[in-house]
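Chain identifiers are assigned alphabetically (A, B, ...) following the order of the sequence lines, protein sequences preceding nucleic acid strands; residue numbering begins at 1 within each chain. The figures here come from the full heavy-atom set of this structure, side chains too, leaving out hydrogens, waters and symmetry mates.
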Number of protein chains: 2
Amino acid sequence: MVNVGIVGYGNLGKALEEVMINDKNVNLVKIFSRRDGLKSRHKTEFDLVENLGVYKGRIDTLYLCVGSYSDIEKIGIKALKNFNTVDSYDTHKKLKDYIHTLDKIAKTSQRVSLSAFGWDPGLMSYIRTVFDGVSLQKSNSFWGEGVSQGHSNAIRKIAGVKNAIQYTVPNEEIIKKCQNNFNFIPNDFEKHKRICFVAVDDDADKEKISRQIGNMPNYFAGYETEVNFVSEEEILKMQEVLSHKGYIVENFQILDKYQSKMEFSLDLQSNPHFTAQMMSLGGRIVEKLCEEKRFGAYSILDIPASYFLNKSRDEVMEKEL
Amino acid sequence: MVNVGIVGYGNLGKALEEVMINDKNVNLVKIFSRRDGLKSRHKTEFDLVENLGVYKGRIDTLYLCVGSYSDIEKIGIKALKNFNTVDSYDTHKKLKDYIHTLDKIAKTSQRVSLSAFGWDPGLMSYIRTVFDGVSLQKSNSFWGEGVSQGHSNAIRKIAGVKNAIQYTVPNEEIIKKCQNNFNFIPNDFEKHKRICFVAVDDDADKEKISRQIGNMPNYFAGYETEVNFVSEEEILKMQEVLSHKGYIVENFQILDKYQSKMEFSLDLQSNPHFTAQMMSLGGRIVEKLCEEKRFGAYSILDIPASYFLNKSRDEVMEKEL
């Protein structure tokens with residue numbers, strides 16, 4: 001029986017709670033939040049993040065499900081002194097440095113931390129790495145149709161916006177070109193469309209808000225962006241649907257002659273529940289690494305395929321080779 | 001510059017020769033065969049398998065491309081005393097024991113051996129393991145349409161048969177059911193059809209040969225099998241086409257509620273060239289494991305995704321996470 005805790009109680013924390021209380025090898029000790037007075041539908045007890053230290057020795061592995069990435073970094077670094085950690089930290093660019101920071105702490109405190117164990121970064125990164133290694137080329141990843149939390153949050157920060165939701169929609173024509181041509185390299189901006197639904201204050205300047213969205217660097221500038229103004233109720237309804245999709249394609253030639261194609265696709269009814277499922281797998285791998293005393297910080301890319309199964313190496317060879 | 005050798009000069013050996021002479025980091029020293037008097041289109045020199053020992057110190061890694069699996073075992077065990085080895089040994093059931101035997105030799109001789117580094121076993125095994133680990137279920141693998149060398153050989157052993165080729169054809173209806181139903185478990189026999197083209201002696205009893213094929217245990221018995229009698233010339237023409245396909249699907253529910261689906265597909269114009277590409281990747285991984293002094297015998301499932309790229313761990317994290 002492994003004693004675990006969850007930090008954060010948004011969509012992901014809630015999904016992970018469900019996964020954990022249905023896993024008979026796991027004892028979910030507490031959910032930690034920065035907010036007081038939260039209630040779980042599943043009778044899990046809450047405590048405040050600031051009290052985490054008290055649980056040293058009572059919790060083995062902590063799952064970090066906080067939404068803000070400055071928080072994930074801060075909490076991750078602090079928690080690793082007392083617990084193993086698993087996260088699906090998704091600021092791709094910062095991951096390398098984050099893992100190096102965690103590695104020092106983990107080695108000192110004899111803990112294991114596993115990062116980027118979601119679906120992207122996560123499963124998609126893993127498949128991408130394998131595809132790129134096999135083909136000696138760069139694969140193309142597509143996301144959606146599905147909600148991007150990061151882009152939705154970015155719109156919500158604009159003055160006059162009450163609520164917003166952003167759908168990332170892959171360009172089917174570009175996908176077809178990638179599937180059918182080994183030498184087609186799409187421009188990043190043409191791979192996806194961004195469709196936004198925005199609820200604004202009554203006196204808001206819709207045209208100005210549209211321009212602000214479209215010009216937002218890193219998030220929308222350069223992309224085909226569609227802005228639709230709707231009511232708050234409509235957005236709340238859209239937010240109930242949490243499906244998402246991912247797709248990777250690599251069309252390449254071996255020796256400039258032999259056509260070869262690898263494809264991977266992921267179709268999820270619930271993005272947070274799939275991420276939770278990945279993280280709980282990450283937790284089992286953390287235990288295995290702890291048993292082997294391989295203390296340190298890892299990303300999903302450091303993990304051999306055989307570790308994904310909760311079986312001995314021999315059993316994995318017998319069943320999967 | 002790595003010095004390498006190839007053992008065996010069938011379709012796979014020939015494809016690997018092409019891959020190796022086009023790799024500027026590799027010096028292909030010799031091709032080894034049991035037959036004397038072979039000639040390469042690429043001016044590679046030949047020697048006999050029995051002279052392998054002479055090349056100790058002059059060859060780092062040996063690629064085993066012999067067709068018969070008793071030979072791969074014998075040669076692999078012997079070669080590992082003097083060289084690192086890479087193979088795509090494809091007798092799935094024997095792999096575990098083979099790797100354990102190799103492991104002892106590799107540790108004593110301070111060598112690395114990497115097995116099952118083809119497409120199945122190989123890439124497909126790797127993806128399967130990941131899918132099964134994520135879903136906590138068993139995925140379904142399909143092969144074809146493409147030629148099965150093992151099944152073609154089995155037909156050729158029947159008295160009166162001059163030549164034969166067998167196409168493995170996946171059952172599209174069963175694929176659709178696997179894609180659309182999380183709880184559908186197909187019967188192994190209904191997943192594929194086996195279509196055979198056979199050239200026989202003039203006085204052969206075609207009906208008897210058809211029955212012998214259809215009743216052959218492990219290979220055809222239980223499968224929907226179609227036998228077509230054609231001329232030797234037609235078979236030689238069919239043997240020039242070396243394309244193949246692979247497909248893995250896993251439709252599952254998280255917490256008995258949330259529909260999730262993962263799919264992987266592989267579409268190859270040249271089965272031997274893709275296997276050769278995989279094996280040359282295996283060779284690069286063998287070098288890395290040697291540098292790290294991780295002597296021993298491994299299967300593809302023991303390898304972390306990050307090792308698939310010829311880059312430092314940091315670079316892999318930066319580019320792929």
Side chain, backbone, both or neither: which part of [X] has an atom under 4.5 Å from a heavy atom of chain A?
X	result
B:L242	neither
B:I248	neither
B:F117	neither
B:D132	both
B:L266	both
B:I127	side chain
B:E18	both

Measuring from [X]:[atom1] to [Y]:[atom2], what's the distance to the nearest 0.5 Å?
X	Y	atom1	atom2	answer
A:T85	A:M279	OG1	CE	9.0 Å
A:D87	A:L114	CG	CG	8.0 Å
A:K177	A:N180	NZ	CG	11.0 Å
A:L301	B:S306	CG	OG	6.0 Å
B:K319	A:S125	NZ	OG	15.0 Å

So which residue, [options], ends up with the most heavy-atom pairs under 4.5 Å with chain A?
options	result
B:E318, B:M278, B:R313, B:K245	B:R313
B:P304, B:G122, B:S243	B:P304
B:D97, B:I300, B:L136	B:L136

Do you know which of [options] has the most heavy-atom pairs under 4.5 Å to chain B?
options	answer
A:V134, A:I303, A:L95	A:V134
A:L268, A:L309, A:L321	A:L321
A:A305, A:S270, A:S299, A:S260	A:A305
A:R284, A:M124, A:H100	A:H100
A:N310, A:V130, A:L281	A:V130
A:K138, A:K311, A:K93	A:K138

Anything under 30° is parallel, anything over 60° is perpendicular, the rest tilted; go ahead and classify [X] against [Y].
X	Y	answer
B:H273	A:Y258	parallel
A:Y126	B:Y126	parallel
A:F142	A:Y247	tilted

Item to check | A:K261 to A:F252 six-membered ring, cation-pi geometry met (6.0 Å, 45°) | outcome: no

Item to check | Side chain, backbone, both or neither of A:I285 within contact of chain B (heavy atoms, under 4.5 Å) | outcome: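 A:I285 has no heavy atom closer than 4.5 Å to chain B.
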
Checklist entry - Do the two ring centres, one from A:Y98 and one from A:Y89, sit under 6.0 Å apart? => result yes

Item to check | Whether B:H244 side chain and B:V147 backbone form a donor-acceptor pair below 3.5 Å | outcome: yes

